[in-house]
A.B. asks: 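First the structure, which I've put down as structure tokens, then a few questions once you've had a look.
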2 protein chains.
Amino acid sequence: MLPLGKCAMDSIDERILGLLRTNARMPVSEIARTVGLSAAPVGRRIERLESEGVIRGYVTLVSDAAVGELEAFTEIRLAGDVDTREIEGIARQVPEVQQYYTIAGDPDALLRFRVRNVEHLQQVVNAIRRTGIVAGTKTLIVMSSWDRAQPFPSEGAHDKHT
Amino acid sequence: MLPLGKCAMDSIDERILGLLRTNARMPVSEIARTVGLSAAPVGRRIERLESEGVIRGYVTLVSDAAVGELEAFTEIRLAGDVDTREIEGIARQVPEVQQYYTIAGDPDALLRFRVRNVEHLQQVVNAIRRTGIVAGTKTLIVMSSWDRAQPFPSEGAHDKHT
DNA sequence: AGTGAAAACTTTGTACG
DNA sequence: CGTACAAAGTTTTCACT
């Protein structure tokens, strides 16, 4: 179910993924027209890609600033004798952690947070530091951001109005 | 159109965003049932959230390992006299850059890459270094990752099969 | 694995409280 | 800003190639 290495995919699967990547809500019928197939097989291909774990989910990008939230990254350096899976387990239990990455080298892990404000960020980072398995952290606060997936040229937190 | 700070949103908007965040393909009718409204106003609310810039896009999370790709972050430290918008403009022109973040403090920016392999990564990072505005870079290679948005418990690149 | 058509469901528009 | 219902479009399932 979850892919270890490259999967059996033809060029049509790749085009379907390319379309869905930049617009997860694109109708199957429109994808079908674009790749030159009818709707039925495209629906089955998408279902297959989901169950194979190639498609890991469909998410909506929400402007953190609009929701009154802050975005931050924290790099984690672990104590020498700690397995990365320990910090992964902890990260999973912290609801503010939006994404988790195991890193090859230094640091050992990278976490992306969504928090209400700087105090909230401080609380969350301190909670992770207090676990005892963390040798050090470095937190990067995001001022603005963009994502290649989004078609419109938003610039995140510091835009002119309307 | 693009939000500067918190927008006028009621608790129903927030619940709609919460549902779409974890499943961008959830039908409007199902969202309507969950929040206790009929489909029409939910559709109009989503349309409004899109045009206000609160919803910045719908993306599909694709397993990089399954597509035979590598994921990496590069921290950028800029030369002292350089505006962050310069590196943002460069990042936009590099198709391998998936996400861009302006950071408060050190480093100045964070880039997330999708590349075919380590050689490809090296090329892309060197291209950015050669622009002349970069004082230093540090690249973090992702070994495994997860995203809170995905409902299924995928663990990225190093899972047992099926 | 694809097509094409029918059935079920979803989205969108219009009228109205 | 909500509901209700009808029209248009989409997804899914079926028999068939």
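Proteins get letters first, then strands, A, B, ... in listed order; numbering begins at 1 in each.
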A.B. asks: List the residues meeting side-chain hydrogen bond (donor to acceptor under 3.5 Å, both in side chains) with Thr60(A), not counting sequence neighbours, and say none if there are none.
C.D. replies: none

A.B. asks: How close or far is atom C1' of dT10(C) from atom CE of Met26(A), stated in whole angstroms?
C.D. replies: 18 Å

A.B. asks: Give the minimum heavy-atom separation between Asp10(A) and Asp13(A), together with the two atoms involved.
C.D. replies: OD1-N, 2.9 Å

A.B. asks: Please give, in whole Å, the distance from dT12(C) P to Arg25(A) CZ?
C.D. replies: 9 Å

A.B. asks: Could you tell me whether the side chain of Arg15(A) and the main chain of Thr34(A) form a donor-acceptor pair under 3.5 Å?
C.D. replies: yes

A.B. asks: Tell me what Arg48(A) touches on the nucleic acid: a base, only sugar-phosphate, or nothing, going by heavy atoms under 4.0 Å.
C.D. replies: nothing

A.B. asks: Answer yes or no: are there more than 12 heavy-atom neighbours, outside Arg48(B) itself, under 6.0 Å from its atom CZ?
C.D. replies: yes

A.B. asks: Could you check how far CZ of Arg45(B) sits from C1' of dG2(D), rounded to whole Å?
C.D. replies: 9 Å

A.B. asks: Nearest whole Å is fine: how far is dT11(D) P from Ile46(A) CD1?
C.D. replies: 8 Å

A.B. asks: What is the separation between atom CG on Leu49(A) and atom C1' on dA1(C), rounded to the nearest whole Å?
C.D. replies: 14 Å

A.B. asks: Do you know which of Asp108(A), Ile133(A), Ile128(A), Thr102(A) makes side chain to side chain contact (heavy atoms under 4.5 Å, CB included) with Ile76(A)?
C.D. replies: Ile128(A)

A.B. asks: For DNA chain D, which residues of residues 28-39 of chain A approach it to below 4.0 angstrom with any heavy atom?
C.D. replies: Val28(A), Ser29(A), Ala39(A)

A.B. asks: Please determine if Arg114(B) and Glu96(B) form a salt bridge, counting it only when a charged side-chain N lies under 4.0 Å from a carboxylate O.
C.D. replies: no

A.B. asks: Within the structure shown, what part of the strands sits under 4.0 Å from Pro27(B) by heavy-atom distance: base, sugar-phosphate, or nothing?
C.D. replies: sugar-phosphate

A.B. asks: Between dT11(C) atom P and Glu50(B) atom CD, what is the distance in whole Å?
C.D. replies: 12 Å

A.B. asks: Using the closest heavy atom to pick a nucleotide of DNA chain D for each, name whichever of Asp10(B) or Arg44(A) lands nearer the 5' end.
C.D. replies: Asp10(B)

